[in-house]
Protein chains: 2
Amino acid sequence: MSAATHQSTRQTPHEVFAGYLAANRLKITPQRRLLLDIFLAEPGHVSSEELYAKVKRREPAIGQATVYRTLKLLAECGLAQAVSFADGLTRYEPQFGVEHHDHLICEACGRTIEIVDPVIERRQEELAQRYGFSLARHKMDLYGLCPDCRQDGRKTSR
Amino acid sequence: MSAATHQSTRQTPHEVFAGYLAANRLKITPQRRLLLDIFLAEPGHVSSEELYAKVKRREPAIGQATVYRTLKLLAECGLAQAVSFADGLTRYEPQFGVEHHDHLICEACGRTIEIVDPVIERRQEELAQRYGFSLARHKMDLYGLCPDCRQDGRKTSR
DNA sequence: GTAGCTGCAAACGTTTTGCTGGTTG
DNA sequence: CAACCAGCAAAACGTTTGCAGCTAC
């Protein structure tokens, strides 16, 4: 729990979103509100398609295009951040009030585990300080093989 | 044997590639050799299309599919690494003979310092093992403000 | 009322795949 | 000579865009 950035402004995500929309003369619609809600309820990184599937359960009439467009808006106003895992899919992760995390990624099956290690987090701070940097954020992805894919051992026959 | 973490062996890239192909009963072809050469001559990250264009100048008959397929092979044997910049394009960067390092990046002036911290490296291994993963490689970028940019909000020199 | 929105479907650009003749080991 | 590969073109994939009617402001 080392939330290094305590802001005095305590806007809710919805306020942030509404503010951004208003500032750009865009409109608040039921779809956008719903998408924000469901997006924020997601634990980790979501692809557009995954979000589309979840939203569709509550609002079957919604279209994929709306999901794509809204995710882009969320990224623009800082509520979401686009991350890529080199699997041809763009994923978004909530940036508001969500605990930071890193990724442990299986290169074989694409499975991704979110991890946070206090030792590493602290060490990163120390490292940055050693170089006189003030650290704002970081990104760490570990690539390897998950337990399942290690056992499969489909290669190196003989 | 996923060949991604062979740093101690002094194999040339061509040897690595040939070894990987042989181990999987795949064949060495002129196209694959040419693609490896041109790929290694690239300074940074290349997209499949960029590589295709360059290869085509030397071997006009080559097809895009071959480039895609070969890049995938290079990634499998650890000579290339796929990176995504969230622009809908998969890029590959050469991984051979390059010392691993992480990045400390100034968000104001773009200055980048290459770092390696043994404590973090070791801890990453431990973390992966805890989840049953075998770790092949990782990527860590720390973002913040460098000493110069901390002192004055100027977005100076570089 | 008007600018902006939605859902649909078609368009788009990248990557993959099926096929056939040719090449490697 | 058997397995694998190349090139081609079509398919598949995720994402964007044009449109006509609808909605928030």
Side-chain angles (χ1 to χ4, degrees), chain A residues 14 17-36 38-39 45-77 80 82-92 110 155 157-158, chain B residues 14 17-39 45-53 55-77 80 82-92:
Chain A
H14 300 81
F17 197 30
Y20 177 80
L21 293 176
N24 291 71
R25 283 172 239 86
L26 305 177
K27 292 173 180 173
I28 298 173
T29 66
Q31 291 93 335
R32 287 178 179 171
R33 231 171 348 215
L34 177 59
L35 275 164
L36 175 57
I38 297 187
F39 175 68
H45 33 73
V46 208
S47 69
S48 180
E49 199 174 350
E50 287 165 356
L51 195 60
Y52 174 60
K54 297 211 174 179
V55 170
K56 195 137 193 170
R57 290 210 279 271
R58 270 216 252 167
E59 181 55 56
I62 205 162
Q64 300 206 34
T66 301
V67 179
Y68 278 104
R69 288 188 276 231
T70 303
L71 276 174
K72 221 158 219 178
L73 284 177
L74 293 177
E76 282 171 25
C77 68
V83 294
S84 288
F85 292 132
D87 63 344
L89 263 172
T90 302
R91 290 167 199 283
Y92 291 84
K155 28 169 78 174
S157 35
R158 181 249 288 263
Chain B
H14 300 82
F17 197 30
Y20 177 80
L21 293 176
N24 290 70
R25 283 177 244 87
L26 305 178
K27 292 172 179 174
I28 298 174
T29 66
Q31 291 90 338
R32 285 179 180 169
R33 232 173 344 218
L34 178 59
L35 274 163
L36 175 57
D37 283 340
I38 298 188
F39 174 70
H45 34 71
V46 208
S47 70
S48 180
E49 198 173 352
E50 287 163 357
L51 195 60
Y52 174 59
V55 172
K56 195 138 194 169
R57 290 209 279 272
R58 269 217 252 168
E59 181 55 56
I62 205 162
Q64 300 207 35
T66 301
V67 179
Y68 278 105
R69 289 189 273 229
T70 304
L71 276 173
K72 220 157 218 179
L73 284 177
L74 293 178
E76 281 171 26
C77 68
V83 294
S84 287
F85 293 131
D87 61 346
L89 262 173
T90 302
R91 289 166 200 283
Y92 291 84

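Within 6.0 Å of the CD atom in A:Glu76, the count of heavy atoms belonging to other residues, nucleotides or ligands exceeds 12. For NE2 of A:His14, the number of neighbouring non-hydrogen atoms (other residues, nucleotides, ligands) closer than 6.0 Å is greater than 12.
Taking atom CD1 of B:Ile62 as the reference point, atom C1' of D:dA6 lies 9 Å away to the nearest angstrom. The nearest whole Å value for the distance from the CG atom in B:Leu35 to the C1' atom in D:dG7 is 13 Å. Rounded to an integer number of Å, the gap from CG of B:Leu21 to C1' of C:dT23 is 15 Å. Atom P of nucleotide C:dC5 and atom CG of A:Leu34 are separated by 17 Å, given to the nearest angstrom. Following rounding to the nearest Å, B:Gln31 (CD) and D:dC8 (C1') show an atom-to-atom distance of 14 Å. Protein atom CZ of A:Arg91 is 9 Å distant from nucleotide atom P of D:dT15, rounded to whole Å. Taking atom CZ of A:Phe17 as the reference point, atom C1' of D:dA24 lies 14 Å away to the nearest angstrom. Summarising the geometry, the separation between CG on A:Leu71 and P on C:dT6 is reported as 12 Å, rounded to the nearest angstrom.
Phosphate contact (OP1/OP2 of C:dT6, side-chain N/O of A:Gln64, threshold under 4.0 Å): absent. Phosphate contact (OP1/OP2 of D:dT15, side-chain N/O of A:Tyr68, threshold under 4.0 Å): present. Phosphate proximity of C:dT15 to B:Lys72: absent, as no side-chain N or O sits under 4.0 Å from OP1 or OP2. One finds no side-chain N or O of A:Thr29 lying less than 4.0 angstrom from the OP1 or OP2 phosphate oxygen of D:dT23.
Backbone-only contact: A:Arg32 has heavy atoms under 4.0 Å from sugar-phosphate atoms and none from a base. Among the protein residues, B:Arg69 comes within range of the nucleic acid bases, having at least one heavy atom under 4.0 Å from a base atom. Among the atoms of the strands shown, only primed sugar atoms or phosphate atoms (P, OP1, OP2) are found under 4.0 Å from some heavy atom of B:Thr90.
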Using a 3.5 Å cut-off and no angle test, enumerate the donor-acceptor pairs between side-chain atoms of residues 54-71 of chain A and protein atoms at least two apart in sequence or in another chain.
residue: A:Lys54; atom: NZ; partner: A:Glu42; partner atom: OE2; Å: 2.9
residue: A:Lys56; atom: NZ; partner: A:Tyr52; partner atom: OH; Å: 2.7
residue: A:Thr70; atom: OG1; partner: A:Thr66; partner atom: O; Å: 2.7

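Residue A:Ser48 places its side chain closer to D:dT15 than to any other of D:dG14, C:dG7, D:dT15. Closest to the side chain of B:Lys27, out of D:dT15, D:dC5, D:dA6, is D:dC5.
When all heavy atoms of B:Arg32 and B:Lys27 are compared, the closest pair comes out as NH1-O, 2.7 Å.
Nearer the 5' end of DNA chain D, as judged by each residue's closest nucleotide, is the contact made by B:Leu73, out of B:Leu73 and A:Ala65. Comparing A:Tyr52 and A:Ile28, the nucleotide of DNA chain C nearest to each residue sits closer to the 5' end for A:Ile28.
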Go through B:Phe17 and B:Leu73 one step at a time and tell me if the side-chain contact (heavy atoms from CB on, under 4.5 Å) criterion holds. CA-CA 9 Å; B:Phe17 197 30; B:Leu73 284 177; 4.1 Å; yes
